[in-house]
Amino acid sequence: MNVLAIETSCDDTSASVIREGRVVSNIISSQDIHDLWGGIVPELASREHIKAIAPIVTAALTEANLQITDINLLAVTNGPGLAGSLLVGTQFAKGLSLRFGIPVVPVHHIEAHVYSGYLDDPNRPFPSISLVVSGGHTSIFLVRSYTDYQVLGSTRDDAAGEAFDKISKMLGLGYPGGPHIDRLARDGNATAIDFPRGLQHDGSYDFSFSGLKTSVKYYLRDHADTMNLNDVCASAQRAIVDVLVSKTLAAAQEHRVKVITIAGGVSANSELRTTMQDACTKRGITFIAPRAEYCVDNAAMIGFLAVQRADTASLDLSFTVDPRALRSL
Ligand code: KG4
Ligand code: ZN
């Protein structure tokens, strides 16, 4: 089976080809234009997707050495995300389906992140605990199979990536903020400032990062002349990572799960990876951190989940986009 997958939920245009279960291309084009505005501008995002979609799909097919007529299954993200962005990808997929008679599987973006730890080896064991941390979502899932999972907790305010992005903005660094903070934190002292760890000991699997954001804001106001940028980055990053790791481990312990996966843009964070790895090693838990191209928004994860659910593929194109976060999860 040859699958062509399309992902346009936010600010990355991506297309991927999966051939007999193996990813043979995964092209990701990021939109730099939002850097100018310090955050994603939805209208600009849809316009950039419109420019990029046809060349990116063509590039994914070319790299896979296939033509559109070789494709047996289409997969496309239909939510959650920005409505205008989602429409570009879904309408493009529907156009291909109509023209070439290829069935489509609409894929839920967060579900695709949940399973991206299985992309390199679909036979990895279940159950697992999956931590999905991106610019729009922060949730912990108990995953029992490719069709059975449960949300254990989610953020009550900002997503972890949003916290990185907003703190980066306050520090005058660029967007997206995570990579800047990650880099600057390497030369900082993570114990220099005791930033709050929201909900860390409340017994739930929910998160809250708004207190941290406010705390950084007042710290910068009160220490404008003396503050050390690297220490602020390292301390804020440690506060985020501490909560993410402790809640994920608590979930694994409560549900007696021996596999932890992470996904979403923030899972590229170097401190999150090393801290989670060390904690898992100590407890005999297998830790799966997908490679960077599967952590960010990418079409390979969309195609991968479509392969697991190929029995739901249809020529019925009445599906719509659903921008709402975690709609039925
Ligand atoms: O999954 P993603 O590419 O897009 C969404 O669906 O949101 O995640 C983007 C988020 C941004 O907030 C960005 O700041 C964050 O991932 N991010 C990181 C790192 N790389 C990207 N956060 C922390 N450390 C990183 N190295
Ligand atoms: Zn995402």
Side-chain angles (χ1 to χ4, degrees), residues 5 7-14 26 28-32 34-35 38-40 42 45 49 77-82 85-86 89 107-117 119 130-139 141 154-155 158-171 173-186 188 190 207 209 212-213 233-234 236-245 261-276 289-302 304-305 323-326 329:
E7 152 67 41
T8 62
S9 65
C10 193
D11 60 337
D12 297 303
T13 316
S14 180
N26 185 32
I28 306 168
S29 163
S30 299
Q31 304 176 352
D32 298 333
H34 306 288
D35 206 354
I40 295 165
H49 283 307
T77 309
N78 74 320
L82 301 170
S85 294
L86 290 164
V107 175
H108 188 285
H109 179 86
I110 305 302
E111 286 187 7
H113 274 311
V114 165
Y115 292 98
S116 59
L119 235 158
S130 178
L131 171 71
V132 177
V133 267
S134 70
H137 309 278
T138 300
S139 300
F141 298 81
S154 293
T155 183
D158 293 343
E162 217 174 336
F164 274 106
D165 294 338
K166 288 177 178 171
I167 292 169
S168 168
K169 196 171 178 179
M170 285 186 239
L171 293 169
L173 307 170
Y175 175 87
H180 292 288
I181 293 179
D182 195 345
R183 182 174 39 82
L184 291 165
R186 283 177 205 150
F207 300 94
F209 296 106
L212 167 66
K213 192 181 61 186
C233 288
Q237 176 171 279
R238 177 67 61 84
I240 296 172
V241 168
D242 270 356
V243 200
L244 294 176
V245 172
T261 71
I262 56 172
V266 180
S267 67
N269 184 264
S270 54
E271 179 160 349
L272 176 59
R273 284 178 175 239
T274 50
T275 312
M276 194 77 93
R291 56 175 108 149
E293 69 172 302
Y294 299 151
C295 284
V296 295
D297 287 352
N298 69 92
M301 67 175 186
I302 305 299
F304 174 74
L305 193 52
R324 284 171 296 162
L326 294 177
L329 301 188

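Counting starts at 1 for both ligands and their atoms, following the listed order. Please read these numbers as outputs of a predicted model, since none were measured by experiment. Heavy atoms only: backbone and side chains are in, while hydrogens, waters and symmetry mates are out.
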* To do: For the Zn ion (ligand 2), find the closest N/O/S atom on Asp297 and give its atom name.
  => OD1
* **His180 side chain reached by Phe164 side chain, heavy atoms, under 4.5 Å** => no
* Do the non-hydrogen side-chain atoms of Ser270 and Arg183 ever get within less than 4.5 Å of each other? -> no
* To do: Determine yes or no for a side-chain-to-main-chain donor-acceptor pair under 3.5 angstrom, with Thr274 supplying the side chain and Glu271 the backbone.
  => yes
* Asked: Is a side-chain donor or acceptor of Ser168 paired with a backbone partner of Gly174 at a separation under 3.5 angstrom?
  -> yes
* Asked: Between Gly264 and ligand 1, does any nitrogen or oxygen pair lie at a separation below 3.5 Å?
  -> no
* Asked: Is any N, O or S atom of His113 under 2.8 Å away from the Zn ion (ligand 2)?
  -> yes
* **Donor-acceptor contact below 3.5 Å, side chain Ser85 vs main chain Cys10** => yes
* Asked: Are the side chains of Leu244 and Thr138 in touch, meaning some heavy atoms are under 4.5 Å apart?
  -> yes
* Provide the number and element of each atom of ligand 1 under 4.0 Å from a heavy atom of Pro176. => 13 (C), 14 (O)
* **Close approach, Cys10 and ligand 1, non-hydrogen under 4.0 angstrom** => no
* Mutual orientation of the aromatic rings belonging to His109 and His113 [parallel < 30°, tilted 30-60°, perpendicular > 60°] -> perpendicular
* Asked: So, does Gln31 use its side chain to make a donor-acceptor pair with the main chain of Ala45 at under 3.5 Å?
  -> yes
* By number and element, which atoms of ligand 1 are closer than 4.0 Å to a non-hydrogen atom of Gly161? -> 12 (O)
* **Exam field: side chain Asp12 to backbone Ile28, donor-acceptor pair closer than 3.5 Å** => no
* Is the side chain of Asn298 donor-acceptor paired with the backbone N or O of Tyr294 at a distance under 3.5 Å, no angle test? -> yes
* Asked: Judging by distance only, is a nitrogen or oxygen of Asp297 under 3.5 angstrom from one on ligand 1?
  -> yes
* Asked: For the side chain of Ser130 and the backbone of Val114, is there at least one donor-acceptor N/O pair under 3.5 Å apart?
  -> yes
* Got the closest protein heavy atom to atom 26 (N) of ligand 1, with its distance? -> Asp182 OD2, 2.9 Å
* Asked: Considering only heavy atoms of His109, which atoms of ligand 1 have at least one such atom less than 4.0 Å away?
  -> 6 (O)
* Gly136: numbered ligand 1 atoms lying under 4.0 Å from its heavy atoms -> 7 (O)
* Which protein heavy atom lies closest to atom 11 (C) of ligand 1, and at what distance to 0.1 Å? -> Asp165 OD2, 3.6 Å
* Structure fact -> Taking only non-hydrogen atoms of Gly177 and a 4.0 Å limit, the atoms of ligand 1 in range are 14 (O)
* Counting both backbone and side chain atoms, is some N or O of Gly135 under 3.5 Å from an N or O of ligand 1? -> yes
* Asked: Looking only at protein heavy atoms, which one is nearest to atom 17 (N) of ligand 1, and how far off is it?
  -> Gly265 O, 3.6 Å
* Contact flag His109/the Zn ion (ligand 2), N/O/S atoms, threshold under 2.8 Å -> yes
* **Nearest protein heavy atom with distance in Å, relative to atom 25 (C) of ligand 1** => Gly178 C, 3.6 Å
* **Residue, atom name and distance, where the atom is the protein heavy atom closest to atom 24 (N) of ligand 1** => Asn269 ND2, 3.0 Å
